[in-house]
Peer 1: 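Quick one: this structure, given as structure tokens, is what I'll be asking you about.
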Amino acid sequence: SVFCLHYVDSSLVAGVDSVVRSWDLERGTAIKQYNHARNVYCVHHTSSNGVVSGSQDGSVKHWDLRTEGGDRPPDWNVEAHSSSVMCLQVEDYKLITGSNDKTVKIWDIRTLQEVQTLYLHSAAVLALQFDSDRVISASADKTVRVSNFTKQHLLHADPWRGVLADTRFSTLRRLTSL
């Protein structure tokens with residue numbers, strides 16, 4: 001199964017079962033593959049010709065796409081979570097991961113050290129995105145949470161009416177239809 005993909009310019013990477021595969025989209029050819037022990041659920045291109053991938057075994061790995069693929073060890077490997085890594089994003093030196101263990105973790109990839117763990121959800125974290133000010137995460141608990149790294153704000157996704165409401169206000173306010 002193909003669980004995830006990410007492309008930048010003419011380079012595509014995807015998690016296919018327990019393998020990260022890369023393709024050249026201009027040529028339409030497979031380039032390399034890198035192996036995980038379990039299913040790969042998320043991938044992200046880095047700005048330095050690398051790919052970071054998260055796996056069912058809780059690990060996050062990085063490979064330089066300019067080097068040989070196959071069974072070689074990754075450039076770095078972090079045992080990030082106690083359960084599957086379902087989503088991640090990398091920008092500059094910051095890596096943020098979300099997991100079935102219900103946590104969002106912030107990492108400094110220069111040191112491979114965990115900087116912070118956010119306990120935002122009561123179920124698996126399935127998607128996330130961040131910028132310089134905040135991280136936004138979505139969960140199987142049917143919530144979207146926004147954290148500015150010091151304060152946490154909750155957005156509820158109402159599956160029956162399809163509205164997104166912000167609870168920072170005293171009354172629920174309709175922001176947008178889903």
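None of these values were measured; they are calculated from a predicted model.
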Peer 1: So, do Leu128 and Ile96 sit near enough that their side-chain heavy atoms are less than 4.5 Å apart?
Peer 2: yes
Peer 1: Checking Ala14 now: which residues fulfil side chain to side chain contact (heavy atoms under 4.5 Å, CB included) with it, not counting sequence neighbours?
Peer 2: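 Testing Ala14 for side chain to side chain contact (heavy atoms under 4.5 Å, CB included), a comparison that skips the adjacent residues, returns Val2, Leu5, Val16, Trp23.
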Peer 1: Salt bridge or not between Asp92 and Lys94? Use side-chain N to carboxylate O under 4.0 Å.
Peer 2: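 So Asp92 does not pair with Lys94 through a salt bridge.
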Peer 1: Quick one: do the Thr143 and Asp141 side chains pair a donor with an acceptor below 3.5 Å?
Peer 2: yes
Peer 1: Using side chain to side chain contact (heavy atoms under 4.5 Å, CB included) as the criterion, list what pairs up with Lys105, not counting sequence neighbours.
Peer 2: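 His81, Thr97, Thr103, Trp107, Glu114, Thr117.
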Peer 1: Is the shortest side-chain heavy-atom distance between Asp17 and Val19 below 4.5 Å?
Peer 2: no
Peer 1: Is it the case that one hydrophobic cluster holds both Phe3 and Leu126, taking links as side-chain heavy atoms less than 4.5 Å apart, direct or via other members?
Peer 2: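 Yes.
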Peer 1: Determine yes or no for a side-chain-to-main-chain donor-acceptor pair under 3.5 angstrom, with Ser99 supplying the side chain and Asp101 the backbone.
Peer 2: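 It does hold such a pair.
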Peer 1: If you count every heavy atom of other residues, nucleotides or ligands that lies below 6.0 Å from Lys102 atom NZ, does the total exceed 12?
Peer 2: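 Not buried by this count: 12 neighbours or fewer within 6.0 Å.
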Peer 1: Who passes ring-ring contact (aromatic ring centres under 6.0 Å, His included) against His62, sequence neighbours left out?
Peer 2: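 His62 satisfies ring-ring contact (aromatic ring centres under 6.0 Å, His included) with Trp76 once adjacent residues are dropped.
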Peer 1: What pair of heavy atoms forms the shortest contact from Asn100 to Ser83, and how long is it?
Peer 2: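 Nearest pair, atom of Asn100 first, then Ser83: CB-OG, 3.2 Å.
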Peer 1: Do the ring planes of His6 and His44 sit parallel (below 30°), tilted (30 to 60°) or perpendicular (above 60°)?
Peer 2: parallel
